[in-house]
> 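A single structure is presented below for examination.
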Amino acid sequence: MGCCGALSAEELLNSYTDEEAERYAKEAGVDPRPNETINEIDERGAFIRQPNAFIQPFGDKEGDLKAEANRYAIYWATGCNWSNRPVIVRDLLGLQDVIKDQKTSHSGQSNIYGHGFGDQPEHRDPLTGVHFLSEFYKRANPDFKGRATTPTLVDIVEKKAVNNDYHRLTNYLEVQFRPFQPKDAPDLYPKKFRKEIDEFNDWLFPHINNAHYRMAFCQSPEAYDEAYEDFKESLEKLDQRLATNRFLFGDYITDSDVRAYVTFVRWDVGYYRNVGPIRPLREYENIWGYIRELNTIPAFHNSSNARTLANADREPNGDFFRPYYERILPKVDFEKLWAYDGSRAKLSKTPDELFLRHPEGETYEDYAGEISKTIWNSPDWADRNPKNGTLSVDASINPLKDLL
């Protein structure tokens, strides 16, 4: 029990019953959350992730969403690598006072209605008063039938979802929200190199970011083996790339490093347990040094760090054959394990600078530009086949070597 009789977040979550969630859902007119392992499996038993529902871009053309201060909030979940991305980028860019954020948690005991606010008073979102993330989707599109996902950028004035396109959401924060960033904010998405970054990010999606889910949700050995081999080969290529590059594109952190980090930091403390025997990332010398360096940066560490992820959403399993994350992980000295020795700085021409900075006198018009579309939002399952995630240059090679 918290002070003055108030319930703690854990007590609030534990007190949230399925009956209560069902009552709220009936009042709000929301449906139970669809199941990925039923609705997003193809004829081969492979997991083909649903496309994002709200992909209207931010931009300067008529009909585009417009960047505004204090109008939007990022709804995210601790364990969700997709939703940690925009929070990290927002914080790196100094937009905390421009875009709010709100964590989601379970709804009810069995989470049948998906993302809710079970750890908040009255089990409501403190920003808008709703009980479920899916309420924002229904307000934006009454006919929506898919999964409400994190991250979702919500218009908290109109209380509706406006964008859940994790493929491009960070890019909108980097470009269209540039006028709200401090003058010395890092340039994570240099205009000159956006084509290369976009192509690489669209390769990262099936081969790295979504690889865990392809293995964890698939329903056939053939689909598992395909995803396993993709991930294993891709790790080896990135480890080779990082042997001579401090970050994925060279001396400075880009949007791509955020995307790689949120998956890598979860692997050894969470993802591994769902996918079978895969070599831990600690055994990849260059990847391991790379993610430990990124982990020293507060914006990365604060939302995605090994200790927090190792302890998230754990439930007791009894005393017999207790799993690794109950027996061992609570005793791990994460500060020692994740200590960074500074050794990767030698790969950079500017060892004391982690970020590229915007040039003096650059205007928003100089930096702005239309953000590219991605095949991964296509409504056609065939388009979203992971085999479509190809690169013009092998992933082991940095095409911007000595340029960035």
Side-chain angles (χ1 to χ4, degrees), residues 12-43 45-56 72-83 101-167 169 210 213-214 216-219 313 315 376-381 384:
L12 283 165
L13 194 58
N14 290 338
S15 71
Y16 196 4
T17 65
D18 281 346
E19 291 75 19
E20 184 183 358
E22 186 173 357
R23 186 171 73 252
Y24 295 150
K26 186 175 181 179
E27 292 171 358
V30 301
D31 303 315
R33 178 186 184 275
N35 190 319
E36 298 97 317
T37 60
I38 296 175
N39 297 351
E40 297 170 52
I41 303 297
D42 72 4
E43 68 280 356
F47 172 60
I48 307 294
R49 184 178 290 277
Q50 70 174 23
N52 292 311
F54 299 99
I55 59 174
Q56 183 179 2
Y72 305 107
I74 302 166
Y75 284 75
W76 65 294
T78 299
C80 172
N81 89 77
W82 317 108
S83 69
D101 75 283
Q102 178 58 50
K103 284 188 186 181
T104 64
S105 56
H106 286 183
S107 56
Q109 297 149 292
S110 57
N111 199 37
I112 190 171
Y113 293 101
H115 295 282
F117 306 93
D119 58 352
Q120 298 295 325
E122 299 183 355
H123 302 146
R124 291 179 180 274
D125 170 27
L127 297 180
T128 65
V130 306
H131 289 289
F132 307 104
L133 184 67
S134 57
E135 290 184 60
F136 298 128
Y137 285 55
K138 286 289 188 180
R139 288 172 189 245
N141 177 9
D143 297 324
F144 177 76
K145 299 296 183 185
R147 288 185 294 112
T149 59
T150 55
T152 296
L153 193 70
V154 171
D155 180 329
I156 55 176
V157 176
E158 297 189 13
K159 299 182 181 181
K160 68 178 184 179
V162 293
N163 191 284
N164 74 330
D165 183 9
Y166 51 80
H167 296 293
L169 182 53
N210 202 37
Y213 302 96
R214 289 172 60 201
F217 292 157
C218 68
Q219 301 297 308
D313 297 326
E315 294 182 4
W376 302 119
N377 282 328
S378 169
D380 190 333
W381 275 38
R384 304 200 309 279

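One is the number of the first residue; the rest follow in order along the sequence.
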> Identify the two heavy atoms, one from R49 and one from Y166, that lie closest to each other, and give their separation to 0.1 Å.
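The answer is CD-OH, 2.9 Å.
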> Calculate, to the nearest 0.5 Å, the distance between atoms CG and CD1 belonging to N163 and I74 respectively.
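N163 atom CG to I74 atom CD1 measures 10.5 Å (nearest 0.5 Å).
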> Quick check for you: to the nearest 0.5 Å, what is the distance between S110 atom OG and E22 atom CD?
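Taking OG in S110 and CD in E22, the distance rounds to 9.5 Å.
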> Who are the side chain to side chain donor-acceptor pair (under 3.5 Å) partners of H167, not counting sequence neighbours?
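Applying side chain to side chain donor-acceptor pair (under 3.5 Å) to H167 gives none.
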> What orientation do F144 and Y137 show, parallel under 30°, tilted 30 to 60°, or perpendicular over 60°?
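Ring orientation of F144 relative to Y137: tilted.
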> Atom OG1 of T104 and atom CD of Q120: how far apart are they, to the nearest 0.5 Å?
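T104 atom OG1 to Q120 atom CD measures 10.5 Å (nearest 0.5 Å).
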> Provide the closest heavy-atom pair for K138 versus G29 in the form atom of the first, atom of the second, distance.
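Nearest pair, atom of K138 first, then G29: CE-O, 4.0 Å.
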> Using a 3.5 Å distance criterion without hydrogens, assess whether the side chain of K160 forms a donor-acceptor pair with backbone atoms of R139.
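Side chain of K160 to backbone of R139, a donor-acceptor pair under 3.5 Å: no, none is there.
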> Is there a donor-acceptor pair under 3.5 Å between the side chain of R384 and the backbone N or O of S378?
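Yes; at least one donor-acceptor contact below 3.5 Å.
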> Give a yes or no on whether the backbone of K145 and the side-chain of D31 come within a donor-acceptor separation of less than 3.5 Å.
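Such a contact is absent between D31 side chain and K145 backbone.
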> Determine yes or no for a side-chain-to-main-chain donor-acceptor pair under 3.5 angstrom, with N141 supplying the side chain and D143 the backbone.
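At least one qualifying donor-acceptor pair exists.
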> Residues two or more places apart in sequence or in another chain: which of them pass side chain to side chain donor-acceptor pair (under 3.5 Å) with T17?
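Checked T17 against side chain to side chain donor-acceptor pair (under 3.5 Å); zero matches.
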> Please check: side-chain N/O of H123 versus main-chain N/O of L12, any donor-acceptor pairing under 3.5 Å?
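Yes, the answer is positive, given that a donor and an acceptor are paired below the 3.5 Å cut-off.
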> Under a 3.5 Å distance rule, please check whether N111 uses its side chain to pair with a backbone N or O of H106 as donor and acceptor.
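No.
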> Give me the atom names and distance for the closest heavy-atom approach of S107 to A21.
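The pair with the smallest heavy-atom distance is C-CB, 4.2 Å.
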> Listed by chain and number, what are the side chain to side chain donor-acceptor pair (under 3.5 Å) partners of E40, not counting sequence neighbours?
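For E40, the residues satisfying side chain to side chain donor-acceptor pair (under 3.5 Å) (neighbours in sequence not counted) are R147.
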> Quick one: CD1 on I156 to CG on L127, what's the gap to the nearest 0.5 Å?
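Spacing of CD1 (I156) from CG (L127) equals 5.5 Å.
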> Without swapping roles, check the side chain of T152 against the backbone of A161 for a donor-acceptor pair under 3.5 Å.
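The answer is no, because no donor-acceptor pair under 3.5 Å joins these two groups.
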> Report the residues that fulfil ring pair (Phe, Tyr, Trp, His ring centres under 6.0 Å) with F217, sequence neighbours left out, ordered by chain and then residue number.
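Testing F217 for ring pair (Phe, Tyr, Trp, His ring centres under 6.0 Å), a comparison that skips the adjacent residues, returns F47, Y213.
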> Name all residues meeting the ring pair (Phe, Tyr, Trp, His ring centres under 6.0 Å) criterion together with Y113; count only those two or more places apart in sequence or in a different chain, and write none if there are none.
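Checked Y113 against ring pair (Phe, Tyr, Trp, His ring centres under 6.0 Å); matches are F132.
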> Supply the atom-to-atom distance W76 CH2 to K103 NZ, rounded to the nearest 0.5 angstrom.
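NZ of K103 is found 4.0 Å from CH2 of W76.
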> Among E20, K26, E27, which one satisfies side-chain hydrogen bond (donor to acceptor under 3.5 Å, both in side chains) with Y24?
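Among the candidates, only E20 passes.
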> Are Q56 and V162 side-chain neighbours, meaning at least one heavy-atom pair lies under 4.5 Å?
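Sidechains of V162 and Q56: no contact.
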> So, Y75 and D125: side-chain donor and acceptor under 3.5 Å apart, yes or no?
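Their side chains do contain a donor-acceptor pair, which is all the 3.5 Å distance test asks for.
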> Distance check, rounded to the nearest 0.5 Å: Q50 atom CD versus N39 atom CG?
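So the gap between those two atoms works out to 9.0 Å.
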> Grab the two heavy atoms, one from G118 and one from Y16, that are nearest each other, plus how far apart they are.
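Minimum heavy-atom contact is CA-CD2, 3.5 Å.
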> What closest approach, in Å, do S134 and A148 show between heavy atoms, and which atom pair accounts for it?
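Reported closest heavy-atom pair: CA-CB, 3.7 Å.
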> Could you report the tightest heavy-atom contact between P379 and P51, atom names first, then the distance?
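Reported closest heavy-atom pair: CA-CG, 4.3 Å.
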> Is a donor on one side and an acceptor on the other found under 3.5 Å between the side chain of S105 and the backbone of D119?
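Yes: the side chain of S105 pairs with the backbone of D119.
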> Which residues pass the side chain to side chain donor-acceptor pair (under 3.5 Å) test with W376, sequence neighbours left out?
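For W376, no residue satisfies side chain to side chain donor-acceptor pair (under 3.5 Å) once neighbours in sequence are set aside.
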